[in-house]
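The structure appears right after this line, and notes come after that.
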Amino acid sequence: MIRTVDSPSHVSAPVLAAYSYCETVTGQQARNFAYGIRLLPTAKRRAMSALYALSRRVDDIGDGDLADEVKLKRLEDTRALLARVREGEVEEDDTDPVAVALAHTARAFPVPLGGLDELIDGVQMDVRGETYETWDDLKVYCRCVAGAIGRLSLGVFGTEPGARGAERASEYADTLGLALQLTNILRDVREDAEGGRTYLPADDLAKFGCSAGFGGPTPPEGSDFAGLVHFEVRRARALFAEGYRLLPMLDRRSGACVAAMAGIYRRLLDRIERDPEAVLRGRVSLPGREKAYVAVRGLSGLDARHVTRHVSPRSVRRRA
């Protein structure tokens, strides 16, 4: 069982200001994520915003216009900041609000801060222009940039006392992160191609005649782009099926948060499956009313109960 540590009832003004900054960053930069964490109690919502703000900083370094050597230096500077947080060396009056909020989060919750080092490792892969021959290769990257975030989030959520199978909660959180990241990769396939990045495994691209890439609004000539998308959608669904086994292990509001965020991405996956070429024409997204419906399902516990009734360990292994 993973327990959370109760946050102090009093939070100082500098720490509150730091959290406020992180929540602003989250609200402006991550609408899907912000939509999910609003379902959490205050202490957990603040902690999740601190994790997001640091993660966003790392992503922005990787996605920016700086020279690669400068990006790598800034990523190592961020790793040094994490070391300061880990060693308890960040004071409340530090000039970096993200560091202040993250340091408070690390004291209040058992978050595995090494997950943020893994995120830095993943963004370094981006900066170096790594590509992936197989799904096993891509999984390494996805575990760094998304699975680690799932494990960090679990440190904030905790698991319910006596939850069945809780010893595997970290594994399920990691797998759910992979499902979200693969959905992101499908959604952003053209945007990434225009930025010079290819994430889908080279052997999958070759199998469906898509090795030429996705530089325009139509698939490569003679390719089976729909077949490629449907193949990856099935893979993502198998990951969701396994990762969703985390839900019954969480308290109601943490489970609602996870169900909302994962549910939004599962619905994106449905849209992509119905119209694969849509990802080449623009970004696929959900309207606000549909996100609200997903949140209601999460709060009602429908997704957690569905997992408990219908997903067995054997069926998950067979689909994966």
Side-chain angles (χ1 to χ4, degrees), residues 2-30 33-34 36-62 64 71-124 144-159 169-170 173-174 177 251 253-254 257-258 261:
I2 302 171
R3 296 183 182 273
T4 58
V5 177
D6 290 337
S7 299
S9 57
H10 173 73
V11 180
S12 69
V15 172
L16 284 175
Y19 276 131
S20 179
Y21 173 83
C22 293
E23 289 189 282
T24 298
V25 170
T26 303
Q28 291 177 345
Q29 303 293 330
F33 186 82
I37 67 171
R38 73 173 63 177
L39 303 174
L40 294 170
T42 300
K44 291 184 178 183
R45 188 187 70 246
R46 289 172 177 162
M48 291 295 289
S49 72
L51 291 174
Y52 175 81
L54 195 284
S55 301
R56 183 71 194 195
R57 178 179 295 180
V58 173
D59 285 342
D60 285 347
I61 293 171
K71 290 181 179 181
L72 293 172
K73 172 63 167 59
R74 292 198 176 184
L75 289 170
E76 288 305 323
D77 289 344
T78 306
R79 201 187 296 277
L81 172 63
L82 281 175
R84 289 179 55 220
V85 171
R86 191 178 290 110
E87 296 301 320
E89 296 175 357
V90 176
E91 302 294 335
E92 290 187 358
D93 61 354
D94 195 283
T95 57
D96 185 341
V98 177
V100 172
L102 186 62
H104 185 271
T105 292
R107 292 193 299 271
F109 297 95
V111 290
L113 290 176
L116 290 168
D117 286 292
E118 291 180 58
L119 173 62
I120 293 172
D121 293 340
V123 174
Q124 287 176 330
C144 285
V145 299
I149 302 302
R151 285 177 265 121
L152 284 160
S153 300
L154 183 62
V156 174
F157 298 145
T159 55
S170 181
D174 182 275
D251 66 75
R253 291 176 71 176
S254 296
C257 172
V258 173
M261 288 189 286

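Sequential numbering from 1 along the given sequence is applied to the chain's residues.
Taken to the nearest 0.5 Å, the SG atom of Cys22 stands 8.5 Å off from the CZ atom of Arg57. For the atom pair CD of Gln29 and OG1 of Thr24, the computed distance is 11.0 Å after rounding to the nearest 0.5 Å. From Thr105, atom OG1 reaches atom CG of Leu54 across 10.0 Å, with rounding to the nearest 0.5 Å. Expressed to the nearest 0.5 Å, how far CZ of Arg38 lies from CD of Glu23 amounts to 11.5 Å. Separating the CG atom in Leu152 from the OH atom in Tyr52 is a distance of 14.5 Å, to the nearest 0.5 Å. From Ser153, atom OG reaches atom CE of Met261 across 6.0 Å, with rounding to the nearest 0.5 Å.
Closest approach of Phe157 to Cys257, counting heavy atoms only: CZ-SG, 4.0 Å. Closest of all the heavy-atom pairs between Ile37 and Met48 is CG2-CB, 3.9 Å. Closest of all the heavy-atom pairs between Asp96 and Asp94 is N-OD1, 2.9 Å. Scanning both residues, Leu102 and Ala50, for their nearest heavy atoms gives N-CB, 4.0 Å. Of all heavy-atom pairs between Ala99 and Leu81, the closest is CB-CD1, 3.6 Å. Pro97 and Tyr21 get closest at one heavy-atom pair: CG-CD2, 3.6 Å.
Scanning for side-chain contact (heavy atoms from CB on, under 4.5 Å) contacts around Glu89 gives Arg84, Glu87, with sequence neighbours left out. With sequence neighbours left out, Arg86 forms a salt bridge (charged side-chain N to carboxylate O under 4.0 Å, His left out) with Asp117. With sequence neighbours excluded, no residue forms a salt bridge (charged side-chain N to carboxylate O under 4.0 Å, His left out) with Glu92. When the salt bridge (charged side-chain N to carboxylate O under 4.0 Å, His left out) test is applied to Asp77, the partners found at least two apart in sequence or on another chain are Lys73. Listed by chain and residue number, Arg56 satisfy the side-chain contact (heavy atoms from CB on, under 4.5 Å) test with Asp60 (two or more places apart in sequence, or in another chain).
Within the structure, the salt bridge (Lys or Arg N to Asp or Glu O under 4.0 Å) test picks out the following pairs touching residues 148-157 (sequence neighbours left out): Glu118-Arg151, Arg151-Asp174.
Although no hydrogens or angles enter the test, the distance criterion places no donor-acceptor pair under 3.5 Å between the side chain of Ser20 and the main chain of Leu16.
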Next item on the list: Under the side chain to side chain contact (heavy atoms under 4.5 Å, CB included) rule, what do Leu82 and Ile120 come out as? Steps first, then yes or no, please.
Entry: CA-CA 11 Å; Leu82 281 175; Ile120 293 172; 3.9 Å; yes

Next item on the list: With side chain to side chain contact (heavy atoms under 4.5 Å, CB included) as the test, would you mind laying out the steps for Ile61 and Lys71 before giving the verdict?
Entry: CA-CA 6 Å; Ile61 293 171; Lys71 290 181 179 181; 4.1 Å; yes

Next item on the list: Would you sort out whether Arg79 and Val58 count as a side chain to side chain contact (heavy atoms under 4.5 Å, CB included), showing the intermediate values?
Entry: CA-CA 10 Å; Arg79 201 187 296 277; Val58 173; over 6 Å; no

Check: Yes or no on side chain to side chain contact (heavy atoms under 4.5 Å, CB included) for Leu116 and Val111, after CA distance, side-chain angles and deciding distance?
Finding: CA-CA 10 Å; Leu116 290 168; Val111 290; over 6 Å; no

